[in-house]
Structures are given as C-alpha cells and as structure tokens.
Protein chains: 2
Amino acid sequence: MAINLEEQKIREHPLLREWVADAVRDMIAKGKLKPGEHICETRLASELGISRTPLREAIRLLETEGFLHVVPRRGAVVRDISLKDVTEIYEIKAAMEGLSARLAAHHFNKKDVERLKEINNELARLAEKNDVNRFFKMHNQFHDYFLRASGNERLYLLNCSLIEQIHRLRLLSFTLEGRFEEAIAQHERIIKAFEKRDAVLAERLVSENVMMGYRAVVTKLKQTKVA
Amino acid sequence: MAINLEEQKIREHPLLREWVADAVRDMIAKGKLKPGEHICETRLASELGISRTPLREAIRLLETEGFLHVVPRRGAVVRDISLKDVTEIYEIKAAMEGLSARLAAHHFNKKDVERLKEINNELARLAEKNDVNRFFKMHNQFHDYFLRASGNERLYLLNCSLIEQIHRLRLLSFTLEGRFEEAIAQHERIIKAFEKRDAVLAERLVSENVMMGYRAVVTKLKQTKVA
DNA sequence: AGAGTGAAAATTGTATACAGTATACAGGGA
DNA sequence: TCCCTGTATACTGTATACAATTTTCACTCT
C-alpha cells in the first residue's frame, strides 16, 4: 500500500506539493477533513508521509483556491461552504460562462457545433443509463468546450478554480429528479444559438443554464444540511 | 537602512511571506525584476535578507496571481504582460464589474448615490490639478464602491487580483490626453443609472466604461513597447 | 466556584542542510 | 566543424532543526 502510494506520487506528479494539494482537496471532498477542522501541519505531513515544507506550499495554494482559511500563526482550517459562498460562486460563474459563450460564438464553425451535438447525444445516452458519474464528466466537457473556445485562457482557468470548490455539491445535484433532461434540453437551445452565430443569445442561455445549476445545487445543499 | 527594513517587515506584516510577496511585486512593478528574468531563490532570498522558505511560499502566491511563471525544477520567471494578457484580463474585468454594478443597483440607496457623486466631484477637482496619482486612487475608489456594494466578496477580491497584474499600465494610461474627462463623463452616466435603479443599464455602462479603460491601456502599452 | 496567572506543551514561522535535477561547458570522436 | 558525452556547477525540491508564538491546563487567590 505504502509503496503504491509512493509510485502514484512520482508517476502522476513530479512535484510533491501538487500531489499534496490534490490529496488534501480529496480529503476535504470525501469528508475526511471536516469544515472548521484545524489542520495540524506536523500531523498531516507525517500522515501523508512527507515533510512540512511541501505541505505548507500546498496550503498556500489551497488557501487561494478557497479550500482553506489561514490565520497567521494559528494555522489553517477547512473552510465551510455556506449558501452565501455558493451564491457568490454561481453569480460569477454565470457571468464568466456567459462571456465565454459570447466570445466563442464569434469564431465557432460547423465542426465545433457538431462536437457539441455529439457530447449532448452522449449525455442523452448516459441519462438513460442513469450513470451520474459519467454524465457529470461529460456535462463538464460540454461547458469546457466553449470556455476553451472563447480563446481566453484565464476565463477557463478561473472557472476551473471556482467549480473545484463546489465539486461535491455539483456532483450531488445531478442525482435530483429530472436534472439530466433539463440540462440536455437547455444544451440543445444553446447549440441552436451557436448554430445561428447568435452571440448575445448564447450568452444569455448559458448564463440561465448556469443559474439553473445553481438552483439544483442549492436544493441539494439544503437537503444535506438538514441531514 | 537595514534596521529600518527590519522594522518595516515586522510592523506592517506579521508574516515574512507576505512582506516578501509585496516586495517582489514591487520589484516587478518598478522594473527591478524584468519580464523573462529568472528568479534565483538563493540569491533573491539573501538579497532580501531572509531564507528561502518564506520566499518560496511567496512565489506560490505570486504564481497564482499571475506575476510569475513557475516551471517544475527550473524555477520561476517574471511573466511578461502581453497584449493578449491585457485583453483577457479586461474581458473578464468588464464582465465582473458589470455584474457587480447590476447586483449593487438592486440595493443601492440615496446615500450610496451621494457617495459616488462626491467621489466623482473629487475626481473633477483632481483632474483640474492634473494630479495623476491621486486621480488614479480616487478613480479606483469609485469602482471599488459598487464592487463591494454588490455584496459578493469574491467578486471584489477577484477584481483586485486582476487589476494588480496591470497596475502599472493602468496608472500610465491616465496620463493620456482627455482620459480624465472621459472617465468623469462616463461616471456621471453610471451614477444616473444607479439613481434610476436601472440595474441592466448600470451593468452595460460599467462594462463599456471598463472597455474604454482597456483601449486606453492598449494605447499606452503600444507606446511603451515601441519605446 | 470562578477568574487570573504562569509554566509546559503544541504548533506555526523561519533557517539551514541535504538530495536530486537541470544547465553549462570542456574534451573527444565522426 | 559539428555533435555527442561526461563532468562540474548551480539551482530547485525536500527534510530537518531551531525560534517564536499560541494554546492548554494545573494551580492560586479572591
């Protein structure tokens, strides 16, 4: 076990600090590190089998990503995701994805539209099989497609860092009744807007699509808070 | 001199890594560290009179802020700001500030509008005195006002980290002929939109205002690239 | 009992030491 | 001349050691 871990560290990440950041993100997502919990550098480092130095560098990264809250000389605590956080993130996400759609629409060609249709067809297949995990991944590909096609690299990266913070909630939101179909239908309208090269419409539809995701996530958030 | 430096480190920053980040940002802004230049941790740390540990933690921060580009096992280099970077930043900034104006408009009251008018009057005074530095600061206060009033803390912080990257260019752009007057005139229209509680108009005007700033910065960028 | 105090333990911040990797350059061969 | 290769050097990545600060908790005094 320990040897496999070592191999994974080396194979997938040339740098320990990145592997550690991934590991800690994962521990937060899986609930192994709970919101509000204080992170003791010494202990966590030894648990991960590394020294404090790469852990500390990973903590700086996770701080800017919003996973941890660091108080000088008192260490890092796992940040809780509140409704307010989710709202803030989605407000920004809606504006940014909308912007990316508008920008992408300007230099979208037939092939791009075809690719989006393929993805949406695949989504329909996965919806029938009720495969939440794969649907989620493919769904992200749909959105990533125009985020990248926008030609604005920062836009894509910013969006990544935003959705990473609510990864778990978003995944959960796809277990809601009718969520698949709703998303697919909206995607179809978005594709039509791209086909017509209607940048303004694409922007509006994508923004609305994001805010639908917001409502789904909020629903799920309230369910889990009660539980 | 060295003693004063020590005092400053302690007084204004309880943490060395933050002081270092500020110092390095400053060195980049002042041209002491030039774009493309490789940062040797050992040398820079000893120049700043500290060890490599806090410097390395500062480098992680400056990397996410976009000031440095880090290649694994080859270290950090100072990132150059290209026209593409400026375009990416302003596209995002326009969308984010526009969003903040829309959000802020919903719960703006008379007092808020009065405050914006005061700031704009002050801007007019500073324009007459041709005080670029103070105009710049006051101008930022104008925009910060509704970024904060939006109630979306992330929006404000994200905007801060964006404009920090182009601080120098923005400041320079205010030396352009007619830049003051243009800004003040647009601010007046924005204030009127807030007065009317017209969120959609406020959003559009603020976006346009940002993109005017973009054009000014691009003009200045081209001037300095030639020089 | 409760507030206050002070020493001990735990934890973070910083410096240094060591290991591994990339770069530069000299020397040899085609 | 050009390319290849091996070695020396410089630099980054990681671990560890030390310093400073915060927290804990027993103890005292009111």
Side-chain angles (χ1 to χ4, degrees), chain A residues 2-24 27-28 33-64 67-79, chain B residues 2-3 5-24 27-28 33-65 67-79:
Chain A
I3 288 167
N4 285 337
L5 208 71
E6 288 301 323
E7 274 185 26
Q8 197 195 344
K9 282 183 200 171
I10 296 163
R11 266 177 217 291
E12 300 189 7
H13 302 273
L15 291 150
L16 228 37
R17 62 172 177 265
E18 288 180 5
W19 177 83
V20 173
D22 284 357
V24 174
M27 290 172 82
I28 294 172
L33 286 173
K34 290 178 187 63
E37 184 174 341
H38 177 91
I39 287 184
C40 173
E41 296 175 2
T42 316
R43 197 170 57 233
L44 185 53
S46 77
E47 271 175 30
L48 294 170
I50 53 153
S51 79
R52 281 177 58 215
T53 310
L55 172 59
R56 282 177 62 88
E57 294 188 1
I59 287 173
R60 303 296 154 251
L61 181 62
L62 294 167
E63 184 187 6
T64 66
F67 288 95
L68 302 178
H69 179 64
V70 176
V71 181
R73 292 180 200 283
R74 291 186 53 184
V77 295
V78 179
R79 274 189 61 166
Chain B
I3 289 166
L5 207 71
E6 288 302 322
E7 275 186 26
Q8 196 195 343
K9 283 183 203 175
I10 297 162
R11 266 178 219 290
E12 301 189 8
H13 302 273
L15 292 159
L16 229 36
R17 61 174 178 263
E18 288 180 5
W19 177 83
V20 173
D22 284 357
V24 174
M27 290 172 82
I28 294 172
L33 286 172
K34 289 177 187 65
E37 185 173 342
H38 178 91
I39 288 183
C40 173
E41 296 175 1
T42 317
R43 197 172 57 234
L44 185 53
S46 77
E47 271 176 31
L48 294 170
I50 53 154
S51 79
R52 280 176 59 214
T53 309
L55 172 59
R56 282 177 63 88
E57 293 188 1
I59 287 174
R60 303 295 154 250
L61 181 62
L62 295 167
E63 184 188 5
T64 66
E65 284 179 357
F67 286 96
L68 302 179
H69 178 65
V70 176
V71 181
R73 297 182 196 282
R74 291 186 51 185
V77 295
V78 180
R79 274 190 61 167

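Chain letters run A, B, ... following the sequence lines, proteins first and then strands; every chain starts at 1. Quantities reported herein were computed from a predicted structural model and do not represent experimental measurements.
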Look only at the side chain of A:R56 and the backbone of B:T53, and say whether a donor-acceptor pair between them is shorter than 3.5 Å.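 Between the backbone of B:T53 and the side chain of A:R56 there is no qualifying donor-acceptor contact (under 3.5 Å).
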What's the [atom1]-[atom2] distance between [X] and [N], to the nearest Å?
X     : N      : atom1 : atom2 : value
B:L55 : C:dT14 : CG    : C1'   : 12 Å
A:E63 : C:dT12 : CD    : C1'   : 14 Å
B:W19 : C:dG13 : CH2   : C1'   : 16 Å
B:R56 : C:dG13 : CZ    : P     : 17 Å
B:E18 : C:dG13 : CD    : C1'   : 12 Å

Minimum heavy-atom distance A:A58-A:A21, with the two atoms named: CB-N, 3.8 Å
Starting at [atom1] of [X], measure out to [atom2] of [Y] and round the result to the nearest 0.5 Å.
X     : Y     : atom1 : atom2 : result
A:L61 : B:E63 : CG    : CD    : 8.0 Å
B:L55 : B:R60 : CG    : CZ    : 9.0 Å
B:I59 : B:R52 : CD1   : CZ    : 9.0 Å
B:M27 : B:D22 : CE    : CG    : 13.0 Å
B:E65 : B:R79 : CD    : CZ    : 12.0 Å

Sub-4.5 Å side-chain heavy-atom contact between B:I28 and B:L68: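 With C-beta onward as the side chain, the pair touches.
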A:R74 vs A:R17, nearer the 5' end of DNA chain D by closest nucleotide: A:R17
Which parts of nucleotides 15-21 of chain C does protein reach within less than 4.0 Å, heavy atoms only, written one letter per nucleotide 5' to 3' as B for base, S for sugar-phosphate only and - for none? BBB---S
Can you sort out which residues in residues 38-45 of chain A have a heavy atom within less than 4.0 Å of DNA chain C? Ascending by number, please. A:H38, A:I39, A:C40, A:E41, A:T42
Hey, does the side chain of B:R60 come within less than 4.0 Å of D:dG13's phosphate (OP1/OP2), counting only N and O? yes
